[in-house]
Colleague: 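My structure is below; once you've seen it, I'll send some questions.
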2 protein chains.
Amino acid sequence: MSLADKNPVSGYSIKETAERTGITEDTIRYYEKIGLLPRAQRKGNSHRIYSEQDLEMMKLITCLKKTGMSLDDMRPFLNLSLDSDLSQYPELHEMILTHKQKILEQIASLQQVVDFIDNKVEQGSLGPQACELTGDTRRRMPARSKR
Amino acid sequence: MSLADKNPVSGYSIKETAERTGITEDTIRYYEKIGLLPRAQRKGNSHRIYSEQDLEMMKLITCLKKTGMSLDDMRPFLNLSLDSDLSQYPELHEMILTHKQKILEQIASLQQVVDFIDNKVEQGSLGPQACELTGDTRRRMPARSKR
DNA sequence: TCTTGACCTGGAGTCGGCTCCAAGTTATAC
DNA sequence: GTATAACTTGGAGCCGACTCCAGGTCAAGA
């Protein structure tokens, strides 16, 4: 079946996983706590162990996060990425196409901002007539934290 | 009560402003509170009034927000958004180009998600090889699918 | 005069997404 | 046999960005 199954008792510790995915240990546990990640397999001592697929899922989370998707909204995607014969779940299929459409619109919006910047830089000032974007003003984008 | 107070030219109320910008009244006041917007002009009764330029600035905020910029990071942009010859502020010019770069990266990320979705939809199922991202270079893995 | 409605202020509460902590367990190293 | 390190858990705290509220002012209308 999976790669991990060939090698019975191994897999990645949470620390290794954190290193490989760039997600902190705390955050990985947090994702499990809120059910974004399935409960991890445990060793005898209850330590979590992760497979290659688990890491892939985490990388997918990181990726989707960069597109401004909320943790909640990405649940269906994660469910899909495991097994998934997509054609068997027409609803999900539909949802994903819808989301793809949204992303394409987002790309278009961002491209307009880039154009706006290019214009302004050429003209030398940020005048009026800022970037007129598509009607829908309420869209969430990655809110970043620093520190 | 001067003529000017009744004159339509005098500016927009906060309510009108909210309607025209798509930003709620509360949020407009909040932006003023944290100093993102300058203290608004007031009428005799201390009600805020906004000019066309003020609205432009708010639209710029909305626009920058869409690109994932934090409120804090957009302060410098707003400080000179109206007039100002950009070339006189090389630092700012630099910042804007940097931000443009970020947006381009964001577009790339989004495009990767689109590709991921397309693959997924085409194949019905897709193993690893999700969207690998820029930045921290974790080496790409052999990206093999079993099966 | 009384009510309504648009506005004001300061401050508290909410929510998403972490981030940190204390106290406990287990494994290995010296 | 004790120190160290890597983990476990539940829960508290934090930050950004709102969002809501109580209590007050003012102007116009029935």
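All values derive from a computational prediction rather than experimental measurement. Convention: sequence-line order gives letters A, B, ...; per-chain numbering from 1.
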Colleague: Quick one: on DNA chain C, does D72(A) or N45(B) contact a more 5' nucleotide (nearest heavy atom)?
Modeller: N45(B)
Colleague: What is the separation between atom CZ on R75(B) and atom C1' on dG16(D), rounded to the nearest whole Å?
Modeller: 12 Å
Colleague: Is the shortest side-chain N to carboxylate O distance from R48(A) to E32(A) below 4.0 Å?
Modeller: yes
Colleague: Is R29(A) near enough to dT8(D) that one of its side-chain N or O atoms lies under 4.0 angstrom from OP1 or OP2?
Modeller: yes
Colleague: Could you tell me the separation between the CD1 atom of I49(B) and the P atom of dC8(C), rounded to a whole number of Å?
Modeller: 11 Å
Colleague: How many Å lie between CD1 on I23(A) and C1' on dG17(C), as a whole number?
Modeller: 13 Å
Colleague: Decide yes or no for K100(B) and D118(A): does some side-chain heavy atom of the first lie under 4.5 Å from some side-chain heavy atom of the second?
Modeller: yes
Colleague: OG1 of T21(B) to CD1 of I14(B): how many Å apart, nearest 0.5 Å?
Modeller: 9.0 Å
Colleague: Name the closest nucleotide to the T27(A) side chain, picking from dT19(C), dC7(C), dT9(D).
Modeller: dT19(C)
Colleague: With a cut-off of less than 4.0 Å, is there a side-chain N or O of R48(B) near OP1 or OP2 of dC7(C)?
Modeller: no
Colleague: Both D26(B) and K15(A) contact DNA chain D. Taking the nearest nucleotide for each, which residue is further toward the 5' end?
Modeller: K15(A)
Colleague: Do E16(A) and R20(A) pass the salt bridge (charged side-chain N to carboxylate O under 4.0 Å, His left out) test, and can you show the C-alpha distance, the side-chain angles, and the key distance before you say yes or no?
Modeller: CA-CA 6 Å; E16(A) 285 170 323; R20(A) 277 161 190 267; 5.8 Å; no
Colleague: With hydrogens left out and only the distance checked, is there a donor-acceptor pair under 3.5 Å joining K33(A)'s side chain and the base of dG17(C)?
Modeller: no
Colleague: If I take atom CG in residue D73(A) and atom C1' in nucleotide dG17(C), what distance separates them, rounded to the nearest angstrom?
Modeller: 14 Å
Colleague: Quickly work out the M58(B) CE to dA17(D) P distance and round it to whole Å.
Modeller: 17 Å
Colleague: On the nucleotide dC18(C), are OP1 or OP2 found under 4.0 Å from the side-chain N or O atoms that K65(A) carries?
Modeller: yes
Colleague: Tell me whether the side-chain N/O atoms of Y31(B) come closer than 4.0 Å to OP1 or OP2 in dA17(D).
Modeller: no
Colleague: Would you indicate, yes or no, if dC7(C) has its OP1 or OP2 atom less than 4.0 angstrom from a side-chain nitrogen or oxygen of S13(B)?
Modeller: yes
Colleague: Taking only the side-chain nitrogens and oxygens of R42(A), find out if one of them lies under 4.0 Å from OP1 or OP2 of dT9(D).
Modeller: yes
Colleague: Tell me: CD of E32(B) to P of dT19(D), nearest whole Å?
Modeller: 18 Å
Colleague: Please give, in whole Å, the distance from dA27(C) P to H47(A) NE2?
Modeller: 8 Å
Colleague: Roughly how many Å is it from NZ in K43(B) to P in dA27(D), rounded to a whole number?
Modeller: 10 Å
Colleague: At under 4.0 Å between heavy atoms, what does I14(B) touch on the DNA or RNA strands: base, sugar-phosphate, or nothing?
Modeller: sugar-phosphate
Colleague: Taking side chain as C-beta onward, heavy atoms only, is R75(B) less than 4.5 Å from L78(B)?
Modeller: no
